[in-house]
Amino acid sequence: MDMKVVKTEAEWRQQLSDIEFQVTRQAATERAFTGRYWDHHEHGIYTCVCCQTPLFESDAKFESGCGWPSYFKALNPAHVREIRDHSYGMTRIEIVCNICDAHLGHVFPDGPKPTGLRYCINSASLAFTPK
Ligand SMILES: [Zn+2]
């Protein structure tokens with residue numbers, strides 16, 4: 001089991017930009033086609049912007065057309081956690097970082113093979129490390 005990363009709201013505010021804080025710690029959603037990674041094609045690893053845990057890799061990234069970076073699987077299933085989300089009158093599955101509880105985005109059952117899943121993630125939740 002990985003160690004949990006726990007910080008106060010003030011510590012997260014100091015570490016993160018405004019949009020990163022709003023998305024990861026307050027579960028906001030960045031506007032489609034505005035984030036830094038929806039149209040990003042380099043090879044590498046996407047990590048949690050809060051705790052640097054590896055979350056997704058470029059090999060699992062695909063063009064979803066939705067305006068957010070989309071992946072058909074998580075790099076390590078132990079690093080993400082699913083939470084049922086009933087906000088906005090919809091039932092969706094929220095994805096959070098399992099290490100620091102950062103809000104990442106949602107997972108939908110309309111992705112490509114082999115998983116059929118679409119992890120629709122806010123760019124503001126991610127940092128990128130080239131391979
Ligand atoms: Zn994290």
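Whatever order the structure lists them in is the order used to number ligands and atoms, beginning at 1.
- Here the angle centred on the Zn ion (ligand 1), running from SG of C48 over to SG of C100, is 110°, rounded to 10°.
- Annotation: Y46 is in aromatic contact with Y71 [ring centroid separation under 6.0 Å].
- Checked for salt-bridge contact, R36 and E20 meet the test: a charged N lies under 4.0 Å from a carboxylate O.
- Between the OG1 atom in T129 and the NZ atom in K131 there is a gap of 11.5 Å [rounded to 0.5 Å].
- Atom NE2 of H106 is separated from atom OH of Y119 by 13.0 Å, given to the nearest 0.5 angstrom.
- Not one N, O or S atom of C50 sits under 2.8 Å from the Zn ion (ligand 1).
- Geometry about the Zn ion (ligand 1) gives an angle of 100° between SG of C97 and SG of C51, rounded in steps of 10 degrees.
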